[in-house]
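Data first, discussion second: the structure below is written as structure tokens.
All residue numbers in this chain count up from 1 along the given sequence.
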Amino acid sequence: MRSEELAISNEKLGDSATCGGRAIRSSAIASFFASLRTGFARCYYPYRVFKNKFPLASFITSRIMTMLVILFILGWALFGLMSLHRATSLTR
């Protein structure tokens with residue numbers, strides 16, 4: 001689509017678009033993403049202060065948290081695979 005056609009289609013739509021037959025205002029979408037950004041900023045603020053004050057400790061903490069999450073997921077996968085096997089060493 002050329003830029004002129006895009007500009008014309010944007011003028012026709014105005015400030016709203018349709019999704020499943022319903023009109024959605026772009027300002028509503030923008031306010032939704034702004035509220036998500038604000039909520040994320042509130043949650044991230046304490047970590048950002050910690051990261052600025054103690055960069056090495058925050059790096060080590062983030063690596064340990066990542067390792068724990070990966071080990072947790074691998075543990076669930078291991079128990080899931082064990083439950084699929086009919087005769088495990090635990091049932092003998």
Side-chain angles (χ1 to χ4, degrees):
M1 185 181 267
R2 294 188 321 214
S3 62
E4 296 89 20
E5 293 173 356
L6 184 62
I8 291 170
S9 66
N10 283 342
E11 287 175 6
K12 287 180 183 177
L13 284 175
D15 197 24
S16 64
T18 59
C19 177
R22 296 179 305 184
I24 298 175
R25 301 201 52 84
S26 61
S27 61
I29 295 171
S31 67
F32 171 72
F33 283 113
S35 66
L36 281 180
R37 189 172 29 250
T38 304
F40 180 73
R42 283 185 192 153
C43 295
Y44 185 67
Y45 179 74
Y47 178 72
R48 191 177 61 198
V49 170
F50 177 69
K51 185 177 179 182
N52 288 339
K53 207 169 227 183
F54 307 105
L56 182 60
S58 70
F59 174 77
I60 293 170
T61 304
S62 66
R63 291 297 172 128
I64 289 173
M65 294 302 290
T66 304
M67 179 189 66
L68 290 175
V69 168
I70 290 173
L71 286 175
F72 182 76
I73 292 170
L74 288 175
W76 276 107
L78 177 68
F79 281 111
L81 289 174
M82 284 175 57
S83 69
L84 290 175
H85 196 290
R86 279 190 280 180
T88 63
S89 60
L90 298 175
T91 60
R92 291 183 185 179

side-chain contact (heavy atoms from CB on, under 4.5 Å) against [X], all qualifying residues, sequence neighbours excluded:
X: Thr61; answer: Phe50, Met65
X: Phe79; answer: Met82
X: Ile70; answer: Thr66, Leu74
X: Leu36; answer: Phe32, Phe33

(message) Holding to ring pair (Phe, Tyr, Trp, His ring centres under 6.0 Å), I want the full list of residues that pass it with Phe59, two or more places apart in sequence or in another chain.
(response) none

(message) Suppose we screen for ring pair (Phe, Tyr, Trp, His ring centres under 6.0 Å). Which residues come up paired with Phe40, at least two apart in sequence or across chains?
(response) Tyr44

(message) Within this structure, what is the CG-OH distance for the pair Asn52 and Tyr47, rounded to the nearest 0.5 Å?
(response) 10.0 Å

(request) Calculate, to the nearest 0.5 Å, the distance between atoms CD1 and CG belonging to Ile60 and Leu56 respectively. (result) 4.0 Å

